[in-house]
There are 2 protein chains.
Amino acid sequence: MPASPLFRRIDVAPAYQKVADAIEREIVSGRIKPGDPIGTELELVRQFGVNRSTVREGIRVLEEGGLLRRDSSRRLQACLPRYNKLATRLSRALVLHEVTFRELFEVSLTLEIASTECAVERATEEDIAELADNLARSEQVIADPAALAECDADFHVLLAKASHNRVLQLAREPAAQLFFPTTEMIVSHVAQGASRLVEAHRHLLEAIRRRDKAAGVQWTRRHLQDWRRGFERIASLDRSVEHMYMEHAQAVRRK
Amino acid sequence: MPASPLFRRIDVAPAYQKVADAIEREIVSGRIKPGDPIGTELELVRQFGVNRSTVREGIRVLEEGGLLRRDSSRRLQACLPRYNKLATRLSRALVLHEVTFRELFEVSLTLEIASTECAVERATEEDIAELADNLARSEQVIADPAALAECDADFHVLLAKASHNRVLQLAREPAAQLFFPTTEMIVSHVAQGASRLVEAHRHLLEAIRRRDKAAGVQWTRRHLQDWRRGFERIASLDRSVEHMYMEHAQAVRRK
DNA sequence: TTTATCAGTTTGTCGGACAAAGTAGATTTG
DNA sequence: CAAATCTACTTTGTCCGACAAACTGATAAA
């Protein structure tokens, strides 16, 4: 048990960190709104009274954190952190922690069911139209595993969007990024994998249209169980997610 | 429809980004293992053939992304991105997107129930001991809202840990960081809030001990419904999480 | 054995520099 | 007058060299 401290811990953060913190505070507190210009590097140098190299290191931190971006002419402006970028970081973390497909599947099942439940309640005409559109595309590319897998991923993104819950959209994304890339593999290895996938989507959409929650949940569950069975024919659920990830992450980044 | 391109898109990323990417590739691919030293800045300068300022900007990017850290003597080493840090960033994003407590509650309910279900199945003796320990502490500080709220947050972290699903632990964290800070407020404003909280934890732990999933889920649901009712006495669920966040985020960072 | 000293690294910060790219105002041209 | 062009200025990305503070490791002193 330490003696009660005589002095408060003295703050010795490096200058670039303080610069980053100062700008972050302004943005998070709302005094600087997303889209507002931050000023040129030289202005920041003058305001903070530090060297440009120091300012630039601070800027890099915020840029990576998604609070700052550079507009078309490379000037700094505040921005809303994009889900997608953050989710990518999380996916990377999951990979490095060598999580298994079993863990991924368990969580995805939970979250996709939750998405469906919310979507059944709250999907607007527009949401439904987008899902229908996606379904039509899926039927067209049913013979092309890569394209179909992409449609599947999009379908679930749209489903989450139809939940009208942004926390849910965000929470499912990291797992989904790792989970759905395997779809292509499964569809191309398992006979009738493609048709079962599209059929599940069709019933799911129909359930949303009829606001039939039970049916929606049932088809979501069936859809993911299909994935699981398909996956288990190819590999063990207890395999770490490592391998699948790499090429997909590269592909995403390239967009 | 664009004509089929004659040339591949030429890569014009700034040098600091290339430095960051190069190091990231080595880590994500596993060629550099977490804990391995990266080398001094000067060595990186020599290897990449760029200026130290440029290297440092690249380092800042990776540090913020959680792939690099500096050890006790400030030397660079690879590391596993910590859940907690990433979750903090996500929480910040949720705040900036002005999500509501309703959205937060909906997702947390889903994920906490999932945690409980997994924990009932898989909790080890050690997990149970930690939860029991936490419960004992809660009973001691039942009259101190701040301490009790912290215990509550810890309890749910331990519960997630007992699920033995790292994806779940990660997925619940961002919402939890925003969700549980309100506990203190509720406990101190609602009569019997504290005792109901501890009672719920007690029953929940008991359910885990008896491997009684139904009871576990029931008490989890009841526990969160208590939170919800308590919150609604104070504020609307449709309020954005903005306000709560600030001071808590500061407190966490200071640790 | 502990403490003090000292030389060598390494990081954090600084000042200044320059090319490439973007911006804006002035100028020419139709 | 409108459009195109040129020019001067600003800003970013990168580089160079420098130095104080902190840390390392080893050696000398108490």
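Convention: sequence-line order gives letters A, B, ...; per-chain numbering from 1.
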Nearest whole angstrom, please: distance from the [atom2] of [N] to the [atom1] of [X].
X       : N      : atom1 : atom2 : result
A/Glu43 : D/dT10 : CD    : P     : 12 Å
B/Leu42 : C/dG12 : CG    : C1'   : 14 Å
B/Leu76 : C/dT9  : CG    : C1'   : 14 Å
A/Ile59 : D/dT14 : CD1   : P     : 13 Å
A/Glu57 : C/dG12 : CD    : P     : 8 Å
B/Asp71 : C/dT10 : CG    : P     : 13 Å
B/Arg56 : D/dC16 : CZ    : P     : 16 Å
B/Gln77 : C/dT11 : CD    : P     : 13 Å

Within 45° cone of A/Tyr16 ring axis and under 6.0 Å: B/Arg60 NZ or CZ: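 Yes, B/Arg60 sits over the ring of A/Tyr16.
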Give a yes/no answer on whether the side chain of [X] brings an N or O atom under 4.0 Å of OP1 or OP2 in [N].
X       : N      : answer
B/Asn51 : D/dC16 : yes
A/Arg60 : D/dG13 : yes
B/Thr40 : C/dT9  : no

Result for 5'-nearest mapping on DNA chain C, choosing between A/Arg74 and A/Ser53, is A/Ser53
Go nucleotide by nucleotide along DNA chain C from the 5' end; which of A/Tyr16 and A/Arg52 gets its closest nucleotide reached first?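 The answer here is A/Tyr16.
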Which nucleotide wins on minimum distance to the side chain of B/Thr54, given the candidates C/dT23, D/dT14, C/dC14?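 My answer, after comparing the listed nucleotides, is D/dT14.
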Margin query: Do the side chains of B/Glu41 and B/Arg70 get close enough for a salt bridge, i.e. N-O under 4.0 angstrom?
Written below: yes
Check: What is the nucleic acid contact for B/Arg70, judged by heavy atoms within less than 4.0 Å: base, sugar-phosphate only, or nothing?
Finding: sugar-phosphate
Under 4.0 Å between any heavy atoms, over every strand shown, what does B/Arg75 touch: base, sugar-phosphate, or nothing? Just pick one.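 Touches sugar-phosphate only.
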Checklist entry - Atom OG1 in B/Thr40, atom CZ in B/Arg52: separation rounded to 0.5 Å? => result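 If I round to the nearest 0.5 Å, the distance is 9.5 Å.
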query = A/Glu103 side chain to B/Arg166 main-chain N or O, any donor-acceptor pair under 3.5 Å?
reply =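 Yes.
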### B/Arg74 CZ: over 12 foreign heavy atoms closer than 6.0 Å
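Check fails, neighbour count at 12 or below.
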